[in-house]
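Notes follow the structure.
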Amino acid sequence: MPSLTLLAAILMGLYLAAFLALTARSARDAGQPVWLFGRDRRQGLPALLFRLAFAGGLIYPLLLAFGFAPVAEFATPPMPLRVAGLFLALAGALFAIHAQHHMGVSWRIGSVEGHSGAVVDTGPFRLSRNPVFVGQVALFAGFFIARPDIVQFALATAVIVAVSLQVRIEEKVLEHDLGAPYRAYAGRVRRWL
């Protein structure tokens, strides 16, 4: 049976593959670029934090799986807690991918005025205005629960900070681009859950 760290690396690899495949599909179906990071300097820090966290989320468990453990854990959780952490990570990944799939042609990575898709208020977007981000935070929180060390803490923190910064930027852009429909949606559905 593969180690839990190898399973974490596989999970992150599958999540990233699904993320990129759905992004390519959305761009094709929308007939326009959906990767908007880099078009607005305010998004430079969140974009960097996302990239570092997801690269680290793939590379770090691979290093651990092959015996390179550069830091010690804060505590040694019992195996059931480690497994529960991986299940939380899996649930987060599945929720994020489901939400991204549900967005269809409205999917964007980053947010720039004049490039917003329509308001999506069905499926997971009835529960949260940001279900992709909720899933991504759960993914990294699960990895931290499975292996509580400074690297996992830093990766999870990077995602949380990136999400917090990015959501505030996106909300302003969506309100500008979509106006009353977005404000009505924001009045009905919470930012997180």
task: Please report the C-alpha distance between L86 and F143 in whole Å, then the side-chain angles of each, then the deciding distance to 0.1 Å, and finally whether the side chain to side chain contact (heavy atoms under 4.5 Å, CB included) criterion is met.
output: CA-CA 6 Å; L86 277 186; F143 287 152; 4.0 Å; yes
task: Take F140 and F54 through the test ring pair (Phe, Tyr, Trp, His ring centres under 6.0 Å) and record every step on the way to the result.
output: CA-CA 9 Å; F140 280 88; F54 282 98; 5.1 Å; yes
Quick check on the hydrophobic clustering: are [X] and [Y] connected, directly or via other members, by side-chain heavy-atom contacts under 4.5 Å?
{"X": "V151", "Y": "L58", "result": "yes"}
{"X": "V189", "Y": "V120", "result": "yes"}
{"X": "V132", "Y": "L88", "result": "no"}
{"X": "F153", "Y": "F50", "result": "yes"}
{"X": "V105", "Y": "V34", "result": "no"}

Could you pull out all residues at least two apart from [X] that satisfy salt bridge (Lys or Arg N to Asp or Glu O under 4.0 Å)?
{"X": "D177", "value": "none"}
{"X": "R42", "value": "D40"}
{"X": "E113", "value": "none"}
{"X": "R191", "value": "E171"}

- prompt: With sequence neighbours left out, which residue pairs that include part of residues 70-93 fulfil the side chain to side chain donor-acceptor pair (under 3.5 Å) condition?
  reply: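 As it turns out, the side chain to side chain donor-acceptor pair (under 3.5 Å) pairs with a partner in residues 70-93, which skip direct neighbours, are E73-R82.
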- request: Could you name each residue pair satisfying side chain to side chain donor-acceptor pair (under 3.5 Å) that touches residues 11-21, not counting sequence neighbours?
  value: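 Pairs touching residues 11-21 that pass the test: Y15-Q136.
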Residues forming a side-chain contact (heavy atoms from CB on, under 4.5 Å) with [X], sequence neighbours excluded:
{"X": "L20", "result": "none"}
{"X": "A186", "result": "R129, Y182"}
{"X": "L90", "result": "L11, F87, L94"}
{"X": "P78", "result": "P80, L81"}

- request: Taking atom CZ of F74 as the centre, report whether more than 12 heavy atoms of other residues, nucleotides or ligands fall under 6.0 Å from it.
  value: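 Result for CZ/F74: enclosed.
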- request: For V71 and Y60, run side chain to side chain contact (heavy atoms under 4.5 Å, CB included): C-alpha distance rounded to whole Å, both residues' side-chain angles, the deciding distance at 0.1 Å, then the answer.
  value: CA-CA 11 Å; V71 297; Y60 186 58; 3.4 Å; yes
N/O donor-acceptor pair under 3.5 Å between [X] side chain and [Y] backbone:
{"X": "S26", "Y": "G104", "value": "yes"}
{"X": "R190", "Y": "G187", "value": "no"}
{"X": "E175", "Y": "R183", "value": "no"}
{"X": "R126", "Y": "G123", "value": "yes"}
{"X": "H101", "Y": "L22", "value": "no"}

How far apart are the closest heavy atoms of [X] and [Y], and which atoms are they?
{"X": "S128", "Y": "L193", "answer": "CB-CD2, 4.1 Å"}
{"X": "P124", "Y": "H102", "answer": "CD-CG, 3.8 Å"}
{"X": "P46", "Y": "L165", "answer": "CG-CB, 3.8 Å"}
{"X": "G92", "Y": "A138", "answer": "CA-CB, 3.8 Å"}

Plane angle bin for W35 and F37 - parallel if under 30°, tilted between 30 and 60°, otherwise perpendicular: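 The rings of F37 and W35 stand perpendicular, inter-plane angle above 60°.
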So do [Y] and [X] actually touch side chain to side chain, heavy atoms under 4.5 Å?
{"X": "F125", "Y": "M103", "result": "yes"}
{"X": "F19", "Y": "I109", "result": "yes"}
{"X": "M12", "Y": "L62", "result": "no"}
{"X": "V159", "Y": "F133", "result": "no"}
{"X": "P33", "Y": "R39", "result": "yes"}
{"X": "S116", "Y": "V173", "result": "yes"}

field: Steps toward side chain to side chain contact (heavy atoms under 4.5 Å, CB included) verdict (Y185, L178)
entry: CA-CA 10 Å; Y185 170 63; L178 305 176; over 6 Å; no
query: At what distance, to the nearest 0.5 angstrom, does CD of Q166 lie from CG of L49?
result: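 So the CD of Q166 and the CG of L49 are separated by 10.5 Å.
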field: Side-chain donor-acceptor contact under 3.5 Å, Q100 with T23
entry: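 A donor-acceptor contact under 3.5 Å links the two side chains.
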field: By side chain to side chain donor-acceptor pair (under 3.5 Å) - contacts of R188 (at least two apart)
entry: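 Partners of R188 by the side chain to side chain donor-acceptor pair (under 3.5 Å) criterion, ordered by chain and then number, come out as D121.
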- request: Just jot down the side chain to side chain donor-acceptor pair (under 3.5 Å) partners of T5, sequence neighbours excluded, or say none.
  value: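 Here the qualifying residues are S3.
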task: Using the side chain to side chain contact (heavy atoms under 4.5 Å, CB included) rule, take V163 and W192 through it: C-alpha gap first, then chi angles, then the decisive distance, then the call.
output: CA-CA 11 Å; V163 163; W192 305 118; 3.3 Å; yes
